[in-house]
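As structure tokens, the structure follows; a few thoughts come after it.
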Amino acid sequence: MTVDFTLPAALEAHEPPEARGQARDGVRLLVARRASGEVSHHAFRDLPSLLDPGDLLVVNTSATLPAAVRLDRISVHFSTPVPGADDRLWLVELRRLAGKAGRPYAGGSPGEWIPMPGGATLTLVGRHGHRAVADRLWQARLSTDVVPYLRRHGVPIRYGYVRRDWPVAAYQTAFAHDRSSGGAEMPSAARPFTPELVTRLVSRGVLIAPITLHTGVASPEAHEPPYAERYAVPEPTAALVGHVRARGRRVIAVGTTAVRALETAVDASGHVQASSGWTEHVVTPEGGVRAVDGLLTGLHEPRSSHLMMLTAVAGGDLLTATYEAALAERYLWHEFGDLNLILPS
């Protein structure tokens with residue numbers, strides 16, 4: 001079943017909720033329950049009352065990199081390191097600067113070098129080999145270490161619905177941990193969490209465990225499936241998932257990145273094992289989910305590949321009802337928008 005709809009421009013969140021006069025946890029929360037098919041409306045700060053003691057939230061600790069470097073006519077979006085290569089060889093996307101967010105730049109040739117701010121040089125090595133993104137991403141080598149360079153010269157990636165730049169702090173979540181690395185885009189489902197809300201969750205007996213998945217650059221035009229991304233599921237998290245599921249409690253992923261990491265780490269017997277590396281796993285309705293009972297996520301664009309994952313968790317009928325309700329009640333989309341919580345019951 002395909003969830004397809006037209007997203008009105010008025011329902012795109014153009015800025016962080018703080019700029020709209022709200023707190024981070026002041027966004028709305030649309031709750032969908034598989035067992036009953038019920039869809040209900042809440043504030044995000046109601047989350048502790050919607051979860052049960054013993055439930056486990058799995059959160060992504062990836063920090064958000066200022067992954068865009070703007071030149072005179074193009075912008076370079078740094079996506080992920082090339083698996084198995086040194087720290088200076090990355091996948092990048094070139095985008096024209098025309099318009100609010102630009103559009104993909106089809107030029108460039110292997111061996112071409114691009115002068116970068118601060119005296120650095122970016123050399124295009126070759127097109128990325130993954131069939132889904134072969135026309136969009138380059139393998140490119142920067143003349144210096146990438147992450148420190150981005151922290152000096154980069155800005156967060158911004159798409160057309162976000163009308164102005166925001167500081168990188170606006171793209172960090174309460175769980176962002178290792179600032180020596182990070183992802184090209186924010187694990188935005190965790191953005192509304194505040195220290196006060198986390199305290200309320202823990203006081204209720206809700207457990208919280210970390211994974212890490214560093215996201216690559218998405219394409220707002222292509223609606224393509226994700227390519228290989230770096231992830232890690234620590235041993236304590238894997239053990240806690242097993243403990244919670246054995247006692248009949250719920251494992252709820254905070255964001256599609258947490259789902260991807262956990263489902264990558266499931267073994268043949270259905271148990272989550274500690275693991276790390278690169279994942280190319282794509283969650284589909286046909287494959288389903290084995291580690292996750294629920295999902296807290298943002299609202300995704302029509303035809304987005306994320307909707308395949310949401311269908312695997314919620315089922316097609318419930319997901320359709322959820323998005324119909326979100327449109328009717330004028331929820332806000334994208335990384336600065338409202339949230340959707342899918343629960344089994």
Side-chain angles (χ1 to χ4, degrees), residues 1-7 11 27-44 46-47 49-52 55-60 187-193 206 211 213 218 223 225-226 241 244-245 248-266 270 272 281-335 337-345:
M1 184 171 188
T2 301
V3 179
D4 198 2
F5 56 96
T6 299
L7 178 62
L11 300 188
V27 297
R28 302 168 73 189
L29 179 64
L30 182 60
V31 179
R33 300 179 186 272
R34 279 201 309 269
S36 64
E38 176 191 6
V39 176
S40 57
H41 306 279
H42 306 266
F44 187 83
D46 296 335
L47 182 63
S49 66
L50 296 165
L51 301 178
D52 297 330
D55 284 345
L56 173 63
L57 292 174
V58 179
V59 302
N60 188 355
S188 55
R191 191 185 190 280
F193 285 84
V206 175
I211 58 88
L213 188 140
H223 309 294
V241 169
V244 166
R245 302 205 81 188
R249 299 301 187 184
R250 302 176 296 188
V251 176
I252 300 165
V254 177
T256 57
T257 57
V259 177
R260 194 182 199 199
L262 289 174
E263 295 298 326
T264 298
V266 173
V272 173
H281 184 68
V282 178
V283 178
T284 66
E286 295 73 24
V289 291
R290 295 189 293 165
V292 171
D293 302 301
L295 171 61
L296 177 67
T297 184
L299 293 163
H300 299 281
E301 292 183 333
R303 298 172 299 282
S304 164
S305 64
H306 292 302
L307 294 177
M308 293 193 303
M309 179 185 292
L310 269 63
T311 303
V313 176
D317 291 342
L318 180 59
L319 191 62
T320 297
T322 299
Y323 273 67
E324 288 175 350
L327 290 166
E329 296 297 324
R330 303 187 66 78
Y331 278 68
L332 295 180
W333 258 250
H334 304 312
E335 66 266 33
D338 296 316
L339 276 291
N340 173 210
L341 175 62
I342 302 168
L343 293 174
S345 61

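Applying the side-chain hydrogen bond (donor to acceptor under 3.5 Å, both in side chains) test to Thr322 and every residue at least two apart in sequence or in another chain returns nothing. Every residue meeting the side-chain contact (heavy atoms from CB on, under 4.5 Å) condition with Leu332, not counting sequence neighbours, appears here in chain and number order: Ala13, Arg20, Asp338. For His334, the ring-ring contact (aromatic ring centres under 6.0 Å, His included) criterion is met by Tyr161, not counting sequence neighbours. Residues satisfying the side-chain contact (heavy atoms from CB on, under 4.5 Å) test with Arg33, not counting sequence neighbours, are Val31, Ser36, Glu38, Leu50, Leu343.
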Would you check, one step at a time, whether the test side chain to side chain contact (heavy atoms under 4.5 Å, CB included) holds for Ile252 with Leu51? CA-CA 10 Å; Ile252 300 165; Leu51 301 178; 3.5 Å; yes
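In this structure, Leu319 CG and Leu310 CG are separated by 5.5 Å, a value rounded to the nearest 0.5 Å. Distance check: Thr264 OG1 to Leu213 CG gives 7.5 Å after rounding to the nearest 0.5 Å. Taken from CE in Met309 to CG in Leu295, the straight-line distance is 7.5 Å, to the nearest 0.5 Å. Here the straight-line distance linking atom CG of Asn340 with atom CG of Leu299 works out to 6.0 Å at 0.5 Å rounding.
Taking the side chain as every heavy atom from C-beta outward, Thr6 and Leu327 never approach each other to under 4.5 Å. Residues His41 and Leu30 have side chains in contact (heavy-atom distance under 4.5 Å, counting atoms from C-beta outward). No side-chain heavy atom of Ser305 sits under 4.5 Å from any side-chain heavy atom of Val282.
Using cut-offs of 30° and 60° on the angle between ring planes, the pair Phe44 and Phe193 is perpendicular.
Here the closest non-hydrogen pair linking Val266 and Ala291 is CG2-CB, 3.5 Å. Pro187 approaches Thr257 most closely through the heavy-atom pair CB-OG1, 4.3 Å. Here the shortest heavy-atom pairing between Thr284 and Ala312 reads O-CB, 3.5 Å. Summarising the geometry of Ala258 relative to Ala253, their closest heavy-atom pair is CB-CB, 3.9 Å, with the distance given to 0.1 Å. Residues Arg28 and Tyr331 share a closest heavy-atom pair of NH2-CE1, 3.4 Å.
Test Val283, Thr297, Val58 against Val259 for side-chain contact (heavy atoms from CB on, under 4.5 Å) and you get one pass: Val283.
Residue pairs meeting the salt bridge (Lys or Arg N to Asp or Glu O under 4.0 Å) criterion with at least one partner in residues 255-265, sequence neighbours excluded, are Glu229-Arg260. Listed by first and then second residue, the salt bridge (Lys or Arg N to Asp or Glu O under 4.0 Å) pairs that reach into residues 290-299 are Arg245-Asp293, sequence neighbours excluded.
Side-chain N or O atoms of Arg34 include one that pairs as donor or acceptor with a backbone N or O of Val313 at under 3.5 Å. Ser188 contributes no side-chain N or O that, together with a main-chain N or O of Arg191, makes up a donor-acceptor pair within less than 3.5 Å. The backbone N or O of His300 lies less than 3.5 Å from a partner atom in the side chain of Tyr323, making a donor-acceptor pair. Asp55 contributes a side-chain N or O that, together with a main-chain N or O of Arg250, makes up a donor-acceptor pair within less than 3.5 Å.
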